Amino acid sequence: MTVEWDYTALADAYLKRPDYSPAALTALFRIACLKPGDKVCDIGAGVAHLTLPLAAYGCEVDAVEPNDAMRANGMKRTADLATVHWSKGTGEATGRPAGVYDFVTFGSSFNVCDRQAALRESHRLLKPGGYFACLWNHRDLDDPVQKAIETIIRESIPGYGYGTRREDQSAVITASGLFEDLVRVEGATVQTQSVDDAIEAWRSHATLQRQAGEAFGPIVDKLAAHLRSLGTDTLHIPYTTRAWIARRKD
């Protein structure tokens with residue numbers, strides 16, 4: 001299975017990434033009219049950051065993940081959950097059956113797909129009236145610690161950019177012609193994390209890795225030195241979960 005982004009070396013560090021805003025997830029689940037027992041296909045499920053709250057809500061979750069190392073970590077985290085089932089697949093070709101899902105989700109994964117192909121696949125998977133959602137966590141770049149981190153990154157990579165993950169996804173979803181009743185959802189969350197765990201989370205940053213190339217390790221070392229210079233063992237990192245949800249057009 002060929003994918004453009006290889007997360008193998010990042011899979012363990014991904015365990016340190018933040019959870020999504022509970023308020024944003026509650027809003028998404030309400031809009032999608034989710035109820036216990038509903039079937040969800042969580043695509044690009046990674047290490048189960050979205051799979052776990054979906055299962056906790058009572059849904060039966062088919063978690064689809066192309067990377068073996070990421071999927072192995074996700075399977076470990078959900079090993080005790082009989083309602084979670086894992087398989088190998090991509091956003092464009094999940095290998096899952098058509099027309100059986102109430103909800104299709106992309107947690108921090110829609111940006112690494114051919115988005116129009118992923119929307120067509122989502123439409124195929126959904127029942128009539130089912131919902132598609134994509135979401136990401138974004139650091140608050142106005143926070144002083146995060147501002148300093150941005151300075152370090154941009155001094156090392158002057159043209160650094162976040163790609164499509166920080167874009168408004170509305171136009172892409174609407175352009176597919178496959179979904180309607182589009183809603184944007186946001187929710188704030190603060191991740192309390194040790195400095196060591198925060199540094200480890202940076203080692204999972206695929207966008208930075210791809211643009212930094214061989215400089216990735218030295219950049220993370222600079223970030224680590226800065227974070228350790230703050231004189232604290234614990235960081236409170238503000239994030240905003242941004243999501244887009246739309247109903248399948250029949």
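Heads up: numbering here begins at 1 and tracks the sequence. It should be emphasised that the depicted structure is a prediction, and the values quoted were computed from it without experimental measurement.
- Under the 30°/60° scheme for interplanar angles, the aromatic rings of W136 and W244 are found to stand perpendicular.
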Please evaluate residues Q169 and R184 with respect to the criterion side-chain contact (heavy atoms from CB on, under 4.5 Å), reporting the C-alpha separation (whole Å), side-chain torsions for both, the decisive distance (0.1 Å), and the verdict.
CA-CA 9 Å; Q169 305 298 313; R184 177 171 168 164; over 6 Å; no
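- Although no hydrogens or angles enter the test, the distance criterion places no donor-acceptor pair under 3.5 Å between the side chain of R96 and the main chain of D62.
- Note that NE2 of H49 and CG of N137 are 9.0 Å apart. Values are rounded to the nearest 0.5 Å.
- Looking only at side-chain heavy atoms (C-beta outward), E60 and H85 come within less than 4.5 Å of each other.
- Within the model, atoms OG of S156 and CG of L223 stand 8.0 Å from one another, a figure rounded to the nearest 0.5 Å.
- A side-chain donor-acceptor contact under 3.5 Å links E65 to the backbone of G46.
- Side-chain contact between V61 and L50 is absent, with no heavy atoms from C-beta onward closer than 4.5 Å.
- Put simply, the side chain of L227 reaches to within 4.5 Å of the side chain of I199, judged on heavy atoms.
- Rounded to the nearest 0.5 Å, atoms CZ (R247) and CG (L182) are 12.0 Å apart.
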Does the pair T26 and R30 meet the rule for a side-chain contact (heavy atoms from CB on, under 4.5 Å), with working shown?
CA-CA 6 Å; T26 296; R30 176 184 56 79; 5.5 Å; no
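- Using cut-offs of 30° and 60° on the angle between ring planes, the pair H205 and Y160 is tilted.
- Heavy-atom neighbours of K16 NZ from other residues, nucleotides or ligands within 6.0 Å: at or below the threshold of 12.
- In terms of heavy atoms, A48 sits closest to P53 at O-CD, 4.4 Å.
- Hydrophobic clustering keeps V190 apart from Y20 (ILVMFWY residues linked when any side-chain heavy atoms are closer than 4.5 Å, directly or through intermediates).
- Taking the charged nitrogens against the carboxylate oxygens, D102 and K35 have no contact shorter than 4.0 Å, which rules out a salt bridge.
- Atom CD of E150 sits about 10.5 Å away from atom CG of D142, to the nearest 0.5 Å.
- Rounded to the nearest 0.5 angstrom, S108 OG and H138 NE2 are separated by 8.0 Å.
- A 4.5 Å side-chain heavy-atom check between F103 and I245 finds at least one atom pair inside the cut-off.
- Distance check: H236 NE2 to Q193 CD gives 11.5 Å after rounding to the nearest 0.5 Å.
- A distance-only check finds no donor-acceptor pair linking the side chain of T105 to the backbone of G107 [under 3.5 Å].
- Without hydrogens or angle criteria, T174 side chain to A171 main chain gives no donor-acceptor distance under 3.5 Å.
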I would like to know whether I237 and V145 meet side-chain contact (heavy atoms from CB on, under 4.5 Å); could you show each step before the answer?
CA-CA 8 Å; I237 307 170; V145 174; over 6 Å; no
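- Proximity of D140 to T240: side-chain heavy atoms (C-beta onward) are nowhere separated by under 4.5 Å.
- Counting all heavy atoms, side chain and backbone alike, R17 lies closest to A201 at CD-O, 3.9 Å.
- Considering only heavy atoms from C-beta on, L135 stays 4.5 Å or farther from V185 through its side chain.
- One hydrophobic cluster holds both Y101 and L119 under the rule that ILVMFWY side chains link at heavy-atom gaps under 4.5 Å.
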Run the ring-ring contact (aromatic ring centres under 6.0 Å, His included) check on F106 and F132 step by step: do they pass?
CA-CA 8 Å; F106 287 77; F132 155 90; 5.7 Å; yes
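- At a threshold of 4.5 Å between non-hydrogen side-chain atoms, the residues L15 and R77 count as touching.
- The two residues Q146 and R139 have their closest heavy-atom pair at OE1-NH1, 2.8 Å.
- Listed here is the closest heavy atom pair of V104 and S122: CG1-OG, 3.5 Å.
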Carefully, step by step, assess S194 and D196 under the rule side chain to side chain donor-acceptor pair (under 3.5 Å).
CA-CA 5 Å; S194 72; D196 286 344; 5.5 Å; no
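- Both V220 and L230 are assigned to one and the same hydrophobic cluster, defined by single-linkage of ILVMFWY side chains at heavy-atom distances under 4.5 Å.
- Around the NZ atom of K147, the shell of radius 6.0 Å holds no more than 12 heavy atoms that belong to other residues, nucleotides or ligands.
- Side chain of Q211 to main chain of Q209: no donor-acceptor pair is present (N/O by atom type, distance under 3.5 Å, no hydrogens or angles).
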Working for side-chain contact (heavy atoms from CB on, under 4.5 Å), residues V84 and T51
CA-CA 8 Å; V84 176; T51 307; 3.7 Å; yes
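- Remark: the backbone N or O of D114 is paired with a side-chain donor or acceptor of E92 at under 3.5 angstrom.
- Using a 4.0 Å cut-off between charged nitrogen and carboxylate oxygen, R124 and E121 count as a salt-bridge pair.
- Under a hydrophobic-cluster definition in which Ile, Leu, Val, Met, Phe, Trp and Tyr are linked whenever side-chain heavy atoms come within less than 4.5 Å, directly or via other members, V172 and L126 are assigned to the same cluster.
- Between D250 and P128, the shortest heavy-atom distance links the atoms OD1-CA, 3.4 Å.
- What you find for A188 and S21 is that their closest heavy atoms are O-OG, 3.4 Å.
- Side-chain atoms of S109 come within 3.5 Å of backbone N or O of I43 as a donor-acceptor pair.
- A donor-acceptor contact closer than 3.5 angstrom links the side chains of W86 and T78.
- The pair K88-D68 counts as a salt bridge, with a side-chain nitrogen and a carboxylate oxygen less than 4.0 angstrom apart.
- With a 4.5 Å cut-off on side-chain heavy atoms, I31 and Y131 count as touching.
- No continuous path of ILVMFWY side-chain contacts below 4.5 Å connects L125 to L34, so the two sit in separate hydrophobic clusters.
- Ring orientation note: the planes of F179 and H123 are nearly perpendicular, at an angle over 60° on the 30°/60° scale.
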